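Please read the structure below before turning to the comments.
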Amino acid sequence: MPETILELQDLKTHFPIYKGVLLKREIGKVKAVDGVNLKVEQGEVLGLVGESGCGKSTLARTVMQLVHTTAGNVELEGRNLTHSSPAEMLEIRRDLQMIFQDPYASLNPRSTVFATLAEPLLVHKVCTQKEVHARVGELMETVGLAPRFMQKYPHEFSGGQRQRIAIARALALRPKVVLADEPVSALDVSIQAQILNLLAELVKKMGLSLIFIAHDLSVVKHISDRVAVMYLGKIVELGTAEQVIENPIHPYTKALVSAIPTANPDDERNRKRIMLPGDPPSPINPPAGCAFHPRCPYATDECKATVPALETFAEREVSCLRKADI
Amino acid sequence: MSLLSVQDLRTYFHTRNGIYRAVDGVSFDLDAGETLGIVGESGSGKSVTCYSLMGLIPSPPGRIESGKALFDGVDLLNCTPKEARSIRGKRISMIFQDPMTSLNPYMRISDQLIEPLMIHEDITKADALKRALEMLDAVGINDASSRIHYYPHEFSGGMRQRVMIAMALITKPELLIADEPTTALDVTVQAQILELIQKMQQEIGMGVIFITHDLGVVSGLCDRVQVMYGGRIVETADTRSLFYHPKHPYTRALQKSIPSMQPKGTELYTIEGLPPDVSKPQAGCSFAPRCEFANEGCTSDRKPELQDINETHRQSCLRVQSGEL
Ligand SMILES: Nc1ncnc2c1ncn2[C@@H]1O[C@H](COP(=O)(O)OP(=O)(O)OP(=O)(O)O)[C@@H](O)[C@H]1O
Ligand SMILES: Nc1ncnc2c1ncn2[C@@H]1O[C@H](COP(=O)(O)OP(=O)(O)OP(=O)(O)O)[C@@H](O)[C@H]1O
Ligand code: SF4
Ligand SMILES: [Mg+2]
Ligand SMILES: [Mg+2]
């Protein structure tokens, strides 16, 4: 049995919404992450997909302890991160790294690539001053950046090049778990393939565990062992990549899969997407019952009233009241 | 007459490490109502091409060395600041690749959205806000009426990107330049945005330049596609020809790298080697060091130029041109 390395227990992250300028008063909450249970095994790639704004980045940032956890626990190899001190967290960061969705915002504009990549190596004493130049060069090559760019600043790079700097920084300390928030969506398909191969190799050879957030489902299917689909702060379907993407059961997953664009102009112009009626729901006032019911083509009266639980069904977990009928 | 005609655009960066030829002789035309896709290597000059048209090249180190970009008879690269102001942001708008860097973190979304309207149109603030709300609705932001007063950091990545899209479309531009506008969006929201762009295209005949890495999106949306490598266009064709009969070895390699075409769990096809160093002039074809078909002729002094294969398809591989491939 592979070991569980990361476990999320009933994790919740709510953002208060205030009204008024001088006398701030709380008028509600954005329930960005609302009760997520998840186990990631050592050497496993878990794909995380879902509607824009459903809480994927917040989930990752909560695991990293970058936002305040409202309730629940995050455990990394049995250590409870939600109760760690800043000093402990610094130590934990060596094992737990995140690649951020917005590479420009996460890179220091006044640091050269060399400074950015050398810093973690020196702070954590991974190598000596003498070796650091060579190590940074190696790191850059692994992500497909020419070492001759070492003295350049972030603004001198294209979007995709910056993303690779961010990836190199996350991998510098050879962490055990990486939370990758849309790591390849800014890259052209060839460099994307190169990064995916690199991540797959680290998983295979070093037993890296990866939570891989992305919108491109063909990429997610390629790299992931299991896939979790989120909708409005909750997981609605969880299973192997093949089950979830080739044979989805939850109506939201079905819609998502039907909208995957294919690189084939004739198919693309003739295909039928499942169009979801209405707007994405509000995380401030989520619909009663199944949160997906206002947009679900299969919804019944029961769906408006009863909250479906995430239950084992057809070799996966899914939260839909009508899972057996559709 | 075409809506936009770009001729021999060259944009170089003069850095302490040498002259960086980010865009090195790019020409293309775009008709009203047409959608042109630009794909290609990361760092090949796609964004810099568009920044040049928008007058956004930081100078120094950047400089537009040569070229014309005619929009409705006005050369965007050599016009008076007054002419430029009346066109950019109103008749031409751009959606930027990094939503967080182009949104002002200290300004409420509402104020940023109505800014172009307040500058370019004779409109009251209340009416501008109404248009802003409609636009946020159209890009699928729920609770728009309360969220319009948020600051950018309170939005998710995809929501910020949709704010950028709303900002670009709010003035009903004749030309929309969209630099990876949907990379942070899930596929259902992406489909909704693409439909919105197509709808506006039909309504007002908007021309669209669409930069993306997602070849699936290109195949569904674009009339024509051009492929960039090392600051130049290496192939341009109508969408069907480009996908079904790609000629240039770089285009073929790009297509081979798409993950959905390859079995799961296998190592994905990649193009060996590193991108070209455009600070060093290189003889012959800039793709040659990485090209599986390259031979001696490819690195000789002959600089590859785009040549017609037929009326809608042009490419620059020397070996294809000589009939060897
Ligand atoms: N301010 C700058 N100073 C120096 N070089 C720059 C500057 N801005 C861009 N460049 C260089 O110009 C080249 C073209 O960049 P550009 O942003 O156009 O690439 P791109 O094709 O849009 O790539 P991506 O797909 O990764 O966004 C890059 O190699 C980049 O390093
Ligand atoms: N600091 C914050 N304050 C208030 N609300 C926030 C904050 N950060 C995120 N949110 C809200 O939480 C929800 C989830 O955001 P999150 O960034 O996690 O989404 P996401 O799934 O990563 O979306 P995307 O795919 O667009 O990146 C959104 O409704 C967002 O507006
Ligand atoms: S529970 Fe009902 S509304 Fe929710 S997804 Fe299933 S069928 Fe649709
Ligand atoms: Mg996100
Ligand atoms: Mg770019």
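Everything quoted here is computed from the prediction, not taken from an experiment.
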- Do the charged groups of B:Lys264 and A:Glu246 touch, with an N to O distance under 4.0 Å? no
- Select one option (side chain, backbone, both, neither) describing which atoms of B:Val48 are under 4.5 Å from chain A's heavy atoms. neither
- For residues A:Asp266 and B:Phe243, determine if any side-chain heavy atom of one lies less than 4.5 Å from a side-chain heavy atom of the other. no
- Message: Going by salt bridge (charged side-chain N to carboxylate O under 4.0 Å, His left out), name the residues that satisfy it together with B:Asp143, two or more places apart in sequence or in a different chain.
- Response: none
- Decide yes or no for A:Val189 and B:Glu41: does some side-chain heavy atom of the first lie under 4.5 Å from some side-chain heavy atom of the second? no
- For B:Arg16 and A:Glu156, what are the C-alpha separation, side-chain angles and deciding distance, and is it a salt bridge (charged side-chain N to carboxylate O under 4.0 Å, His left out)? CA-CA 12 Å; B:Arg16 58 199 178 288; A:Glu156 297 178 296; 3.7 Å; yes
- Could you tell me whether the side chain of B:Tyr150 reaches within less than 4.5 Å of the side chain of A:Ile17, counting heavy atoms only? yes
- Query: Roughly how far, to the nearest 0.5 Å, is CZ of A:Arg269 from CZ of B:Arg240?
  - Reply: 9.0 Å
- Message: Taking side chain as everything from C-beta outward and backbone as N, CA, C, O, which of these in A:Ala146 sits under 4.5 Å from a heavy atom of chain B? Side chain, backbone, both or neither.
- Response: both
- Can you find a heavy atom in the side chain of A:His155 that is under 4.5 Å from one in the side chain of B:Pro58? no
- Query: Can you name the nearest heavy-atom pair linking B:Thr188 to A:Tyr252, along with the distance?
  - Reply: OG1-OH, 4.4 Å
- Item | B:Thr266, part contacting chain A, at a heavy-atom distance under 4.5 Å | both
- Task: With rounding to the nearest 0.5 Å, note down the distance linking CG in A:Asp188 to CE in B:Met228.
- Result: 12.5 Å
- Item | Main-chain N/O of B:Ile271 paired to A:Ser190 side chain as donor or acceptor, under 3.5 Å | yes
- For A:Lys204, is it the side chain, the backbone, both or neither that has a heavy atom under 4.5 Å from a heavy atom of chain B? neither
- Query: Partners of B:Arg252 by salt bridge (charged side-chain N to carboxylate O under 4.0 Å, His left out), sequence neighbours excluded?
  - Reply: none
- Task: Flag yes if more than 12 heavy atoms outside B:Glu272 fall under 6.0 Å of its CD atom; otherwise flag no.
- Result: no
- Note on the structure: Interatomic distance, CD1@A:Ile223 vs CG@B:Leu268, rounded to 0.5 Å, equals 8.5 Å
- Most contacts with chain B, counted as non-hydrogen pairs under 4.5 angstrom, among A:Gly53, A:Ala193, A:Ser218: A:Ala193
- Item | Which portion of B:Pro263 sits near chain A, non-hydrogen atoms under 4.5 angstrom | backbone
- Would you mind checking which part of A:Glu182 comes under 4.5 Å of any heavy atom in chain B, side chain (CB onward), backbone (N, CA, C, O), both or neither? side chain
- Message: Report, in residue-number order, which members of residues 219-227 of chain B are under 4.5 Å from chain A by heavy-atom distance.
- Response: B:Ser219, B:Gly220, B:Leu221, B:Cys222
- Message: Under 4.5 Å from any heavy atom of chain A, what part of B:Glu195 do you find: side chain, backbone, both or neither?
- Response: side chain
- Between the side chain of B:Asp186 and the main-chain N/O of A:His215, is any donor-acceptor distance below 3.5 Å? no
- Heavy-atom distance under 4.5 Å to chain A: side chain of B:Gln255, backbone, both or neither? neither
- If you tally heavy-atom pairs under 4.5 Å against chain A, which of B:Ala253, B:Gly216, B:Ser146, B:Gly45 wins? B:Gly216
- Note on the structure: Comparing A:Leu187, A:Ile191, A:Leu196 against chain B, the one with the most heavy-atom pairs below 4.5 Å turns out to be A:Leu187
- Portion of B:Tyr20 that has a non-hydrogen atom of chain A nearer than 4.5 angstrom: side chain
- Query: At what distance, to the nearest 0.5 angstrom, does CD1 of B:Ile258 lie from CG of A:Asp216?
  - Reply: 10.0 Å
- Interchain contact, B:Ser156 with chain A, by part (heavy-atom threshold 4.5 Å): side chain
- Sort B:Ser47 into side chain, backbone, both or neither according to what part of it lies under 4.5 angstrom from a heavy atom of chain A. neither
- Item | Which portion of A:Phe15 sits near chain B, non-hydrogen atoms under 4.5 angstrom | neither
- Message: So B:Arg162 and A:Ser52, do their side chains get closer than 4.5 Å, heavy atoms only?
- Response: yes
- What part of B:Glu180 gets closer than 4.5 Å to chain A, counting heavy atoms only: side chain, backbone, both or neither? side chain
- Message: Before you tell me yes or no, could you show the steps for A:Leu217 and B:Val187 under side chain to side chain contact (heavy atoms under 4.5 Å, CB included), namely the whole-Å CA-CA distance, both residues' side-chain angles and the distance that decides it to 0.1 Å?
- Response: CA-CA 8 Å; A:Leu217 291 162; B:Val187 284; 4.2 Å; yes
- Message: Applying the side-chain contact (heavy atoms from CB on, under 4.5 Å) criterion to A:Pro265, which one of B:Val218, B:Thr239, B:Leu215, B:Leu242 satisfies it?
- Response: B:Thr239
- Task: Check whether any side-chain heavy atom of A:Gln192 sits under 4.5 Å from a side-chain heavy atom of B:Pro259, and report yes or no.
- Result: yes
- Query: What part of A:Ala32 is in contact with chain B, defined as an atom under 4.5 angstrom from a non-hydrogen atom: side chain, backbone, both or neither?
  - Reply: neither
- Message: Quick one, A:Pro261 and B:Asp214 - any side-chain contact, counting heavy atoms below 4.5 Å?
- Response: yes
- Message: Enumerate the side chain to side chain donor-acceptor pair (under 3.5 Å) contacts for residues 137-151 of chain A, please, sequence neighbours excluded, ordered by first and then second residue.
- Response: A:Arg148-B:Asp277
